[in-house]
A.B. asks: 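Just dropping this structure here.
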Amino acid sequence: MSIPKSVVSKLLEFFPDWRPQMYFKSSLTALSHAMEDRLLADSDAPLVIASFQRERFYRQEAHRYRRIANKTNQVYVLAAPEADFTNSSDVYETIAFEPTDSLAQEWHLVVIGGQYACCLICGEKPATTPDQKATSAMDASRRFEGIWTFDPEVSVKAAEFLLERILEYRPELESKIEQAKQKYLVSTILRLQDSANSSQQSNSPLTNPDPFVQRLVSYLQAGQYKLLKANKSLAIKQQKEKLLNSVTDAIRRSLDTEEILQVAVQKLGEGLGVCRCIVYRCNEQDTTATINHEFISPGIISVKGQAWRLKNNPLFEEVVELHETLTIDNTREDPRLNPQAWSKDIGEYLQELVTSCSISSWLLVPVLYQDHLLGMMELHHCDSEPINWKPDDVALVDAIATQVGVALIQAEAYANLEDLNEQLEALDRTRSNLVAITGHELRTPLSTIQICLESLATEPDMSPELRQVMLNTALADAERMRNLIQDFLTLSRLESGRVEWNIEPLSIKECIDLAVSNVKARVNSDQIPQIENLVTSELPLVQADGEWLVEVLAKLLDNACKFTNIDGQISIKVKTNGSNKLEVTISDTGRGIEPNRLETVFDRFYQEEGALRRSAGGTGLGLAICRQIVSGWGGKIWAESPGKDQGSKFHFTIPIFELPTQNAEASKSKTNKSNSKAGKRKKKKR
Ligand code: ADP
């Protein structure tokens, strides 16, 4: 059975002068509760008819109706069943109407007592506008339309319509319903007529809603209080969001890790009003961490500068393992801080830490980035009375720790970028320097040559002696330019890796002899110091490119001659260095090298006199070339000198040729051939 006719429409048809009003569900709840409370407080035993749209709405109020049923036996509760709501006559009458019945769209509560009558007869308005649809999604904002009144006539009529509807569903209740009609409806109408006749209308208890209004006010106040509470929690939420935003904003703006950590602890400590807030950098393997960033409230002991143990520390290990925040509400009772749970040493350490830092509640939050531990953030409550960390606060610290992680990575990435930039700038400076120096080195001899040649061309009367001097100068500078260009090209080829190495077994003694004779051939032997060759022929063969090996030896010997007085001494020695290398040393008793220049001498264009002044000749590229060559065969080259005017030693290493054991003889003859090959080639090159 399903009755389509709405009770609201029936009532409005009956009382055409009444205009329905709009109510939100929250207001209907308040009104219904107030009506129910009013009747519960009264000594009366009224007729009560309540119609709920669904069984679940009734369930929320069932306890009230059980209390109401203690006062009166005329209680009728209607609802569309959803689970186990059925027609029954238990503590009160329940009427299960069809879900398609118009009652399913309506909300009714009618109370007819001896002293008063009131009713709430409303139908739900389906949401039509998008606005209404949006708000009605919230249960409290569903809209209803109907009548709420203390008017006894209207209330009696509403009761009558509802009792008729009940009778349709529960015909067996006919006599009970008849009794209700007589006892409440008929008598109310009679009393109403009486009071109309005796002109007591205005003071009639039937129409005086005072006590009801008071109840309603308390409901509204309760509603208001709830609203205030909601606003308060919203304000706290907003405040936390603001704090998170301000920390995020401050730390993201900085690219300095120290500043990021300090700002984070300061703002978080102040914002949450904790006793102590610290943050330290660490990774999973660290044994200790030094506390460098801290916020403390007045009167709290500082832990700045202390080194805290991380290794074997169960708290740290738990955070590292779970990558999650660790919450300790009460350090005195937490099993993780029970000294008996750990080895004596660590148990005592934790106890000592808790006592010396007065930590009664402890929060440890890992600072992570993509699951890597970057550090730890800790909050300490230091009052004797511990606190329970609020989930909201923990979530906020978590969020801040996440932001700190991102900011740290950002700062580190920037620092790396800065490093790279500096390296690039240095490279660029070197390149510009190189261009400037090379330009200068080339221009200087060029201008000399130009001046000499111009003078020769424009001064026909120049004496033959001067003419000769001019020509010699021009030729010498042309030679210097040629050497410079050649060295520069050689170095470029070596540096760019475009050199093809012709590695072969060589006798080091033969290469040294060749280099010495080359040097002597180039300069008059009377003008150079004595060269003492202490190399014996028992040495093992080396494995290198012969041309380049002689080049290194010649350059080092050239330098030794250049920077040693004629009465000085140059010596060449070779010894085995470790198991598979020979070490060649060329020593002189010349002008020596300052200790802080022992590495710089290998830089391009380094000359003690300064890059742009030359007294000893040379290009300033010789040692740079030597280093490139020696590195080419996997050796090392370095300078040694006790200091100025105390002589120098240049050492370089060279790999020993490893003889194939079964074919030593063949190899030896090949070696001899190679040596003479190297000698020929060298002579050709120089
Ligand atoms: P160059 O000899 O053409 O100037 P090098 O690269 O060979 O260029 O040497 C660079 C600088 O190292 C020299 O100008 C000199 O100042 C210093 N130097 C090199 N060898 C010696 C040495 N045997 N004794 C003292 N100083 C040396």
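FYI, the numbering just counts along the sequence from 1. Everything numeric in this text was worked out from a predicted model, so none of it was measured.
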A.B. asks: Do any N or O atoms from the side chain of Gln105 and from the backbone of Gly123 form a donor-acceptor pair under 3.5 angstrom?
C.D. replies: no
A.B. asks: Please identify which of these residues, Lys157, Glu153, Glu160, meets the side chain to side chain contact (heavy atoms under 4.5 Å, CB included) condition with Phe14.
C.D. replies: Lys157
A.B. asks: Excluding sequence neighbours, so at least two apart, what forms side-chain hydrogen bond (donor to acceptor under 3.5 Å, both in side chains) with Trp107?
C.D. replies: Ser32
A.B. asks: Start with the C-alpha gap between Ser187 and Gln182, add the side-chain angles, then the distance that decides, and say whether side-chain hydrogen bond (donor to acceptor under 3.5 Å, both in side chains) holds.
C.D. replies: CA-CA 7 Å; Ser187 64; Gln182 288 303 321; over 6 Å; no
A.B. asks: Verify, without hydrogens or angle tests, whether Asp286 (side chain) and Asn283 (backbone) share a donor-acceptor contact under 3.5 angstrom.
C.D. replies: yes
A.B. asks: What I want to find out is whether Glu82 reaches Arg56 closely enough, with some N-O distance under 4.0 Å, to be called a salt bridge.
C.D. replies: yes
A.B. asks: Any luck finding a side-chain donor-acceptor pair between Gln53 and Glu106 under 3.5 Å?
C.D. replies: no
A.B. asks: Enumerate the salt bridge (Lys or Arg N to Asp or Glu O under 4.0 Å) contacts for residues 357-368, please, sequence neighbours excluded, ordered by first and then second residue.
C.D. replies: none
A.B. asks: Which residues pass the salt bridge (Lys or Arg N to Asp or Glu O under 4.0 Å) test with Glu93, sequence neighbours left out?
C.D. replies: Arg170, Lys176
A.B. asks: For Ala250 and Lys267, which heavy atoms make the closest approach, and how far apart are they?
C.D. replies: CB-CE, 4.1 Å
A.B. asks: Between Lys10 and Glu13, is a salt bridge (Lys or Arg N to Asp or Glu O under 4.0 Å) present by the stated rule, with each step listed?
C.D. replies: CA-CA 5 Å; Lys10 274 180 87 172; Glu13 276 167 22; over 6 Å; no
A.B. asks: Among side-chain atoms of Tyr92 and Gln74, is any donor-acceptor pair under 3.5 angstrom?
C.D. replies: no
A.B. asks: Should Lys237 and Asp392 be marked as a salt bridge (Lys or Arg N to Asp or Glu O under 4.0 Å) after you check the CA-CA gap, both sets of side-chain angles, and the distance that decides it?
C.D. replies: CA-CA 8 Å; Lys237 247 192 177 140; Asp392 277 2; over 6 Å; no
A.B. asks: Step through it carefully: locate the ring centre of Phe85, locate the ring centre of Tyr58, and say whether they are under 6.0 Å apart.
C.D. replies: yes
A.B. asks: Is a side-chain donor or acceptor of Trp389 paired with a backbone partner of Trp362 at a separation under 3.5 angstrom?
C.D. replies: yes
A.B. asks: Flag the pair Asp256 / Ile260 as yes when at least one side-chain heavy-atom distance between them is below 4.5 Å, and no otherwise.
C.D. replies: no
A.B. asks: Working to the nearest 0.5 Å, report the span between CD1 of Ile328 and CG of Leu364.
C.D. replies: 6.0 Å
A.B. asks: Looking at side-chain heavy atoms only, is the closest gap between Ile3 and Arg165 below 4.5 Å?
C.D. replies: yes
A.B. asks: If only side-chain N and O atoms count, and only distance matters, is there a donor-acceptor pair under 3.5 Å linking Ser88 with Thr94?
C.D. replies: yes
A.B. asks: Asp249 side chain to Asn245 main-chain N or O, any donor-acceptor pair under 3.5 Å?
C.D. replies: no
A.B. asks: Compute whether any side-chain donor of one residue and acceptor of the other, for Tyr349 and Gln351, lie under 3.5 angstrom apart.
C.D. replies: no
A.B. asks: Is it true that, when you exclude Glu172 itself, more than 12 heavy atoms of the residues, nucleotides or ligands shown sit nearer than 6.0 Å to its CD?
C.D. replies: yes
A.B. asks: Is the NZ or CZ atom of Lys125 positioned over Tyr23's six-membered ring, under 6.0 angstrom from the centre and within 45° of the axis?
C.D. replies: no
A.B. asks: With distance as the sole test, does Glu378 use its side chain to make a donor-acceptor pair with the main-chain N or O of Leu363 at under 3.5 Å?
C.D. replies: no
A.B. asks: At their closest point, which heavy atom of Ser356 faces which heavy atom of Ile301, and how far apart are they?
C.D. replies: O-CD1, 3.5 Å
A.B. asks: Without swapping roles, check the side chain of Arg191 against the backbone of Gly114 for a donor-acceptor pair under 3.5 Å.
C.D. replies: yes
A.B. asks: If I compare all heavy atoms of Arg276 with all of Cys382, which pair ends up nearest, and what's the gap?
C.D. replies: NH1-SG, 3.7 Å
A.B. asks: Is it true that a side-chain atom of Arg143 and a backbone atom of Glu124 form a donor plus acceptor pair closer than 3.5 Å?
C.D. replies: no
A.B. asks: Using 4.0 Å as the upper bound for N to carboxylate O, is an ion pair formed by Lys71 and Asp42?
C.D. replies: no
A.B. asks: Short question: side chain of Ser254, backbone of Ile251 - any donor-acceptor pair under 3.5 Å?
C.D. replies: no
A.B. asks: If you draw a 6.0 Å radius around NZ in Lys5, do more than 12 non-hydrogen atoms from other residues or ligands fall strictly inside?
C.D. replies: yes
A.B. asks: Just so I know, are the side chains of Ser175 and Leu173 near enough to count as touching, which here means a heavy-atom distance under 4.5 Å?
C.D. replies: no
A.B. asks: Does the Asp44 side chain pair with the main chain of Pro46, one donor and one acceptor, at a distance under 3.5 Å?
C.D. replies: no
A.B. asks: Val75 versus Leu47: any side-chain heavy-atom pair under 4.5 Å?
C.D. replies: no
A.B. asks: Can you check whether Met377 reaches Ile278 side chain to side chain, under 4.5 Å on heavy atoms?
C.D. replies: no
A.B. asks: For Arg59, is the CZ atom crowded, meaning more than 12 foreign heavy atoms sit under 6.0 Å from it?
C.D. replies: yes
A.B. asks: Just checking, any donor-acceptor pair under 3.5 angstrom between side chains of Ser361 and Asp329?
C.D. replies: no
A.B. asks: State, to 0.1 Å, how close Cys119 and Val110 come at their nearest heavy-atom pair, and which atoms those are.
C.D. replies: CB-CG2, 3.9 Å
A.B. asks: Check step by step if salt bridge (Lys or Arg N to Asp or Glu O under 4.0 Å) holds for Arg281 and Glu412.
C.D. replies: CA-CA 13 Å; Arg281 295 295 304 264; Glu412 277 171 11; 2.9 Å; yes
A.B. asks: Between Thr72 and Ala69 (side chain of the first, backbone of the second, donor and acceptor by atom type, cut-off under 3.5 Å), is there such a pair?
C.D. replies: no
A.B. asks: For the residue pair Gln266 and His293, confirm or rule out a side-chain donor-acceptor distance under 3.5 Å.
C.D. replies: no
A.B. asks: Just wondering, do Glu61 and Val77 contact through their side chains at under 4.5 Å, heavy atoms?
C.D. replies: no
